[in-house]
S.K.: 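Attaching a single structure in structure tokens format; questions to follow.
It should be emphasised that the depicted structure is a prediction, and the values quoted were computed from it without experimental measurement. Residue numbers start at 1 and run along the sequence shown. Counting convention: from 1, in listed order, for ligands and their atoms alike.
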Amino acid sequence: MSSPEIQQQLAQEKQLVAATAARWVQDGMVVGLGTGSTAAPFIELLGQRVREEGLRIQATATSRASDELARRVGIPMLEPRRGVRFDLTVDGADELDSQLQLIKGGGGALLREKVIATASDYLLIVADSSKAVAQLGRFPLPLEVVPFALPWVMDAVEALGGAPVVRVNKLNPGELAQSDQGNLLLDCHFEKIENPAELARQLKTIPGIVEHGLFLGLARAAIIVQSGEVQVLRPGQAAVPAAAFSTLP
Ligand SMILES: O=C[C@H](O)[C@H](O)[C@H](O)COP(=O)(O)O
């Protein structure tokens, strides 16, 4: 398949997995809204259920972009405050392995995404078929970094075997990309991450790294297209067709 055809197929897959996740949201839920090109159709379809079915939910978004989209499609939004827990968060991923260990942050939203995922009872990942990998690391690992600390964080990442690249603003390549918090983003090429838990532990010891994009032990399930079928993955389990479930697996 040519590249435009592949992109078109992946876009269709994103719609399919987003539609499955949107069906599983129940009345009364407090929902975390992810960020990116797979979370966006989920937010749109959820808004459609709010408007057309009167689904009663409240939500908090993991980025300014998702917050704007959610408000535009009519989802009632909940401001961050103490005591709020999310029944369900639906978010995308840049890579996922069979244990549902994830790399996230390709869209720069990793910090808010990890905050909301950690405050959630159920993190459900929605992903097209390109995201499943045998081993994490092909996708460069994003880090959110305090600007002052950038040079020393780059040295420390290199010492861990990574090749860090400062992310530039896609819309204006003369500028550096900034997170919603005003921090910088580093994309760290490791090729293969043999021990994600150990790397996550080491990254946490480096001053100036606000958050890293390894999401370990957080996802309960993923909806993904495999062999042309919408499937549910759970950590360490065989894939099950999503059609077998009418609610969260
Ligand atoms: O910062 C962005 C997020 O982690 C996204 O969820 C991730 O990059 C996947 O995005 P997409 O669904 O566009 O591939």
Side-chain angles (χ1 to χ4, degrees), residues 3 6-22 31-46 59-70 86 88-97 100-118 120 123-133 136-145 165 167-171 176-189 193 196 200 203 209-216 218-225 230 233:
S3 182
I6 291 172
Q7 290 313 316
Q8 197 183 356
Q9 182 187 318
L10 295 179
Q12 282 169 1
E13 292 180 6
K14 289 173 204 277
Q15 283 290 336
L16 284 173
V17 296
T20 303
V31 184
L33 305 175
T35 294
S37 61
T38 325
F42 165 76
I43 295 170
E44 283 168 5
L45 291 163
L46 194 59
T60 301
T62 54
S63 61
R64 286 196 201 138
S66 291
D67 185 76
E68 280 166 22
L69 174 61
F86 298 92
L88 169 65
T89 288
V90 176
D91 203 348
D94 299 302
E95 277 188 354
L96 56 99
D97 70 11
L100 297 195
Q101 302 187 106
L102 316 171
I103 288 182
K104 287 182 54 54
L110 64 153
L111 173 63
R112 294 190 191 194
E113 289 178 338
K114 200 173 278 185
V115 169
I116 300 292
T118 304
S120 300
L123 174 61
L124 177 64
I125 296 301
V126 281
D128 64 58
S129 55
S130 71
K131 305 298 182 63
V133 295
L136 298 181
R138 191 184 56 195
F139 191 91
L141 178 66
L143 306 179
E144 176 160 344
V145 178
V165 176
R167 195 181 296 183
V168 294
N169 184 342
K170 276 192 203 119
L171 302 175
L176 298 183
Q178 279 195 342
S179 71
D180 280 352
Q181 290 68 239
N183 290 316
L184 299 177
L185 296 153
L186 270 185
D187 293 309
C188 303
H189 299 255
I193 299 176
L203 291 169
I209 296 182
V210 181
E211 196 48 82
H212 59 77
L214 286 166
F215 283 52
L216 310 178
L218 286 170
R220 294 269 297 272
I223 310 174
I224 188 160
V225 176
V230 182
L233 299 179

S.K.: Report yes or no: does Gly105 have a heavy atom closer than 4.0 Å to ligand 1?
M.R.: yes

S.K.: Identify, for atom 4 (O) of ligand 1, the protein heavy atom at the shortest distance, and state residue, atom and that distance.
M.R.: Glu113 OE1, 2.6 Å

S.K.: Quick check on side-chain contact (heavy atoms from CB on, under 4.5 Å): which of Thr38, Val225, Val126 does Lys14 satisfy it with?
M.R.: Thr38

S.K.: Which ligand 1 atoms, with their elements, are less than 4.0 angstrom from a heavy-atom of Thr38?
M.R.: 11 (P), 12 (O)

S.K.: Going by the atom numbers of ligand 1, which of them fall below 4.0 Å from some non-hydrogen atom of Gly92?
M.R.: 6 (O)

S.K.: Below 4.0 angstrom from a heavy atom of Asp91, which ligand 1 atoms are there? Numbered from 1 as shown, please.
M.R.: 6 (O)

S.K.: Output yes when a side-chain donor or acceptor of Asp180 lies under 3.5 Å from a complementary backbone atom of Arg64, and no otherwise.
M.R.: yes

S.K.: Using a 4.0 Å cut-off to any heavy atom of Thr35, which atoms of ligand 1 qualify?
M.R.: 3 (C), 5 (C), 6 (O)

S.K.: What is the nearest protein non-hydrogen atom to atom 11 (P) of ligand 1, stated with its residue, atom name and distance?
M.R.: Ser37 OG, 3.4 Å

S.K.: If you measure only the distance, is there a donor-acceptor pair under 3.5 Å linking the side chains of Asp91 and Thr89?
M.R.: no

S.K.: Examine the proximity of ligand 1 to Ala93 and report which part, side chain or backbone, both or neither, has a heavy atom under 4.0 Å away.
M.R.: backbone

S.K.: How would you list, by chain and number, every residue that makes a side chain to side chain contact (heavy atoms under 4.5 Å, CB included) with Thr60, sequence neighbours excluded?
M.R.: Leu78, Phe86, Ile116

S.K.: Mark yes or no for whether Glu113, through its side chain, and Gly34, through its backbone, hold a donor-acceptor pair below 3.5 Å.
M.R.: no

S.K.: Answer whether the closest heavy-atom distance between the side chains of Leu102 and Ile125 falls below 4.5 Å.
M.R.: yes

S.K.: Find all atoms of ligand 1 within a distance of less than 4.0 Å from any non-hydrogen atom belonging to Gly36, and give their numbers and elements.
M.R.: 13 (O)

S.K.: Suppose we measure from atom 2 (C) of ligand 1 to each protein heavy atom; which comes out shortest, and what is that distance?
M.R.: Gly107 N, 3.0 Å

S.K.: Report the C-alpha separation of Leu185 and Leu110 in whole Å, then their side-chain angles, then the decisive distance to 0.1 Å, and conclude whether the side chain to side chain contact (heavy atoms under 4.5 Å, CB included) test is met.
M.R.: CA-CA 10 Å; Leu185 296 153; Leu110 64 153; 3.9 Å; yes

S.K.: When rounded to the nearest 0.5 angstrom, what distance separates NZ in Lys104 from CG in Leu96?
M.R.: 10.5 Å

S.K.: Which of the atoms of ligand 1 are close to Gly106, meaning less than 4.0 Å from one of its heavy atoms?
M.R.: 1 (O), 2 (C), 8 (O)

S.K.: Quick one: nearest non-hydrogen protein atom to atom 7 (C) of ligand 1, plus distance?
M.R.: Asp94 OD1, 3.3 Å

S.K.: Between Val126 and ligand 1, which residue portion shows a heavy-atom distance shorter than 4.0 Å: side chain, backbone, both, or neither?
M.R.: neither

S.K.: Identify, by atom number and element, the atoms of ligand 1 in contact range of Lys131, meaning under 4.0 Å from any of its heavy atoms.
M.R.: 11 (P), 12 (O), 14 (O)

S.K.: So, does Gly34 sit close enough to ligand 1 that a heavy atom of it is under 4.0 Å from the ligand?
M.R.: no

S.K.: Within the structure provided, determine whether Leu214 and Gln101 are in side-chain contact (heavy-atom separation under 4.5 Å).
M.R.: no

S.K.: Is Ser120 close to Leu88 at the side-chain level, that is, under 4.5 Å between some pair of heavy atoms?
M.R.: no

